[in-house]
Amino acid sequence: MASRARTKSGPLKQVLLGVGLSQTQPRSRYRKKVNRLASETSPYLLQHAENPVEWFPWGEEPLAKARAEDKPILLSVGYAACHWCHVMAHESFEDSEIAALMNERFVSVKVDREERPDVDGIYMDAVVAMTGSGGWPLTVFLTPEGEPFLGGTYFPPAPRHGLPSFPQVLVAVSELYRERRSEVTQRTDVLVDALRQAAAATPSAEPLTESLLFDAVRRLGELHNPEWGGFGARAPKFPPASVLELLLRRGEAELAVPTLDGMAAGGMYDLVGGGFHRYSVDERWLVPHFEKMLYDNALLVPAYLHGWLVTGRERYREVVEETVEYLLRDLRLPGGGFASSQDADTDGVEGLTYTWAPGEGAPEELLEPFEDGRFILRGSLDPATRARLLEIRAGRPQPGLDDKAIAAWNGLALAALAEAGRRLERADWVDEARALGEFLLGPMSVEGRLVRSLREGKASGPGFLDDYADVAHGLYELHVATGELRWLEESRRLALLAVELFADDEHGAFFLAPAEGEQLVAPRKELYDHPVPSGNSMLAYVLLRLARIYGDDELERRAVGVMRLFGESLGRGPTEFAWALNALDLYLATPRELAIVGPPESDVAHAALAPFEPNAVVAFGPAEGVPLLEGKGLVDGKPAVYVCERFACQAPVTEAAAL
């Protein structure tokens with residue numbers, strides 16, 4: 001989903017017509033004493049702490065105030081790296097007259113979607129149901145009970161491009177709430193009922209078969225752009241990391257290569273500093289939306305790593321190395337973990353840090369037009385030129401950093417660092433992964449439970465499903481990279497805890513938020529694997545791996561319950577459910593378990609793990625308490641690999657050549 005997607009104006013247009021407002025454009029501005037956001041942890045919320053808007057953070061206090069004053073709630077959701085969130089803030093939330101209108105007629109609540117994916121998700125679903133599209137900034141109007149009745153995304157301060165002005169919307173919505181309450185109630189009843197029904201969807205009774213995977217690959221072939229890569233929309237284009245993983249594991253590299261090549265050519269990929277921007281606004285992956293997100297880069301590192309393993313293309317290995325260097329250089333936090341994102345803007349100008357003008361030192365034959373006399377680099381840079389340009393760029397103003405650590409995204413980064421360090425024989429990266437594992441189980445956990453995010457030692461709140469699933473995934477990869485049993489045990493502990501906290505025992509799969517926590521207007525299950533694997537898909541994947549190591553049929557049953565909730569949608573919607581398809585591929589594959597006794601740096605362990613076998617599971621011993629490892633030890637004092645299928649193991653192998 002884009003940082004800003006225009007919303008169809010249907011319901012709001014009707015409201016505006018009913019009220020008949022003039023088109024005004026308040027412009028008076030001033031700075032006010034800080035509002036209630038000043039004590040929050042989120043950099044995004046802190047950006048709004050000096051707005052003249054009397055913002056509340058999400059919680060019971062604004063709901064109670066709205067009930068006491070019988071006012072609707074204006075909920076505004078965004079995130080720190082969102083360009084159009086900044087635009088709306090400067091145009092409207094810093095404007096004293098617009099703020100006065102908000103303060104008079106609404107109780108205004110500001111939410112960081114990255115800290116509260118549950119709040120963002122449920123109200124985004126409502127806006128999409130009302131308008132057919134969504135995006136950020138998200139603007140939703142709620143009753144004092146938190147029930148949505150109108151919404152949209154970005155609204156300008158004056159009418160333009162078919163959008164009503166924000167002041168028009170504010171007056172019209174408040175008049176609707178005051179004078180046509182029965183219409184508001186009718187809207188909320190319909191919306192809330194639909195949201196609750198979505199969370200109670202019945203699992204499919206159809207069998208899970210290979211045909212779903214064949215259908216998915218065939219559909220991807222139909223959606224594929226053979227010239228520039230990508231699947232589906234010609235623009236904007238988002239990095240389809242989970243789709244690439246599916247194609248590579250299914251032996252369909254020819255469908256993956258154009259996208260891997262296109263994204264790495266420069267533009268969306270930062271040739272100078274490494275790492276990927278959020279998306280491209282054109283079909284060539286050339287002109288990016290310049291924000292950089294931790295999750296995109298954490299997912300694209302293994303995608304390119306696996307692309308290198310499958311195709312042997314050295315450019316993919318270079319992308320892995322440069323992207324990991326970017327993560328460690330620009331996103332690693334002093335207190336541990338990785339920051340969430342870097343802004344698209346520098347000093348209010350989009351892409352200022354990353355673009356070039358002739359004469360600034362960049363090879364002019366590689367410059368592609370951007371805007372305002374600035375250019376984007378596309379092509380190939382030798383290491384010396386790359387280092388020189390990076391030094392020049394480091395002297396420029398830099399984009400803002402959202403320096404909160406999010407558990408889920410750090411879990412994805414952990415998996416990327418661990419596997420890349422293992423496969424590229426970078427012991428320093430494995431050490432970084434080990435430190436990240438300690439951070440996630442230390443400062444980012446309270447009494448054994450994950451927190452959602454951490455900034456300057458302060459946690460935002462309890463973790464969500466994707467936090468547990470992604471961290472458990474990362475800890476498993478850390479076990480494979482280090483051979484240390486602790487990480488496997490912690491992966492299993494968190495996965496079991498996720499089942500306890502989030503499972504829907506009636507309909508299967510898992511809720512986004514724990515049942516014991518705050519209850520919103522409807523429970524929600526996140527199922528879409530774009531831009532990141534959903535918590536459901538990732539937990540299913542993790543549970544299947546652990547089920548094969550621990551011989552636990554209940555874990556497999558839980559994973560299958562997730563996939564049954566998707567049903568035939570898996571084959572029809574491969575771009576939306578790509579990570580769930582990866583889990584299905586693992587489930588349907590002939591089980592292959594590798595029990596390795598001895599250190600991972602031994603020749604025989606190295607040989608066993610060298611091939612790209614995404615459906616194999618691995619456990620290192622010796623260890624008791626792990627069924628796959630029980631009774632297995634060194635052979636004549638030598639490290640050994642036991643190749644098993646459903647715990648039926650071949651004779652142990654001690655020589656790499658035998659593998």
Side-chain angles (χ1 to χ4, degrees), residues 30-80 82 85-86 88-124 126-127 136-155 166-167 169-171 173-174 177-178 184 188 402 404 452-453 455 458-462 513 517-521:
Y30 67 94
R31 286 293 183 185
K32 189 181 179 181
K33 65 180 182 180
V34 293
N35 54 43
R36 293 171 181 83
L37 303 182
S39 60
E40 292 299 302
T41 61
S42 160
Y44 173 67
L45 298 188
L46 292 172
Q47 290 171 2
H48 296 269
E50 294 185 351
N51 290 168
V53 178
E54 296 173 2
W55 292 114
F56 285 81
W58 181 265
E60 176 55 31
E61 185 181 3
L63 295 171
K65 179 178 173 65
R67 289 192 294 268
E69 299 179 6
D70 193 24
K71 288 182 178 179
I73 292 169
L74 189 163
L75 174 65
S76 175
V77 185
Y79 59 104
C82 167
C85 299
H86 298 324
M88 191 167 179
H90 296 320
E91 291 178 341
S92 294
F93 302 147
E94 295 173 7
D95 186 287
S96 61
E97 293 184 29
I98 293 179
L101 198 56
M102 295 171 65
N103 296 338
E104 175 190 354
R105 295 175 179 248
F106 298 90
V107 176
S108 297
V109 178
K110 177 63 74 171
V111 167
D112 182 340
R113 66 172 294 263
E114 296 170 355
E115 282 192 343
R116 292 301 302 263
D118 56 337
V119 174
D120 172 64
I122 199 72
Y123 293 116
M124 180 66 76
V127 167
W136 298 277
L138 181 68
T139 307
V140 197
F141 299 98
L142 319 176
T143 69
E145 289 72 39
E147 299 170 328
F149 62 94
L150 277 174
T153 54
Y154 165 83
F155 292 103
F166 194 45
V169 170
L170 295 174
V171 173
V173 171
S174 65
Y177 182 79
R178 283 205 305 262
V184 169
T188 60
D402 185 336
K404 68 179 183 293
R452 173 60 177 180
S453 67
R455 183 175 183 268
K458 185 176 179 181
S460 66
E518 177 188 357
Q519 300 303 304
L520 301 179
V521 293

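We're numbering straight along the sequence, starting at 1.
- Every residue meeting the side-chain hydrogen bond (donor to acceptor under 3.5 Å, both in side chains) condition with Y44, not counting sequence neighbours, appears here in chain and number order: K110.
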Practice item. Mind running side chain to side chain contact (heavy atoms under 4.5 Å, CB included) on D120 and Y79 for me, showing each step along the way? Key: CA-CA 11 Å; D120 172 64; Y79 59 104; over 6 Å; no
Practice item. Starting from the C-alpha separation in whole Å, work towards a yes-or-no answer on side chain to side chain contact (heavy atoms under 4.5 Å, CB included) for R116 and E518. Key: CA-CA 11 Å; R116 292 301 302 263; E518 177 188 357; 2.9 Å; yes
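- Under the side chain to side chain contact (heavy atoms under 4.5 Å, CB included) criterion, S108 pairs with V53, W55, L74, M102, F106, sequence neighbours left out.
- The aromatic rings of F149 and F141 lie tilted to each other, with the angle between the two planes from 30° to 60°.
- A salt bridge between E114 and K404 is present, with a side-chain N of the basic residue lying under 4.0 Å from a carboxylate O of the acidic one.
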Practice item. Show your reasoning for whether side chain to side chain contact (heavy atoms under 4.5 Å, CB included) applies to L150 and V169. Key: CA-CA 10 Å; L150 277 174; V169 170; over 6 Å; no
Just list the side-chain donor-acceptor pairs under 3.5 Å for residues 63-71, sequence neighbours left out, or say none.
from : atom 1 : to   : atom 2 : distance (Å)
K65  : NZ     : E69  : OE2    : 2.6
R67  : NH2    : E60  : OE2    : 2.3
E69  : OE1    : K71  : NZ     : 3.3
D70  : OD1    : Y177 : OH     : 2.9
D70  : OD1    : R181 : NH1    : 3.4
D70  : OD2    : R181 : NH2    : 3.3
K71  : NZ     : N103 : O      : 3.4
K71  : NZ     : E104 : O      : 3.1

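- For E61, the salt bridge (Lys or Arg N to Asp or Glu O under 4.0 Å) test picks out R36, with sequence neighbours left out.
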Practice item. Evaluate the criterion side chain to side chain contact (heavy atoms under 4.5 Å, CB included) for residue pair W58 and E115; output intermediate values, then yes/no. Key: CA-CA 11 Å; W58 181 265; E115 282 192 343; over 6 Å; no
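- In this view, A38 and V34, A49 satisfy the side chain to side chain contact (heavy atoms under 4.5 Å, CB included) rule, not counting sequence neighbours.
- With sequence neighbours excluded, no residue forms a side-chain hydrogen bond (donor to acceptor under 3.5 Å, both in side chains) with T139.
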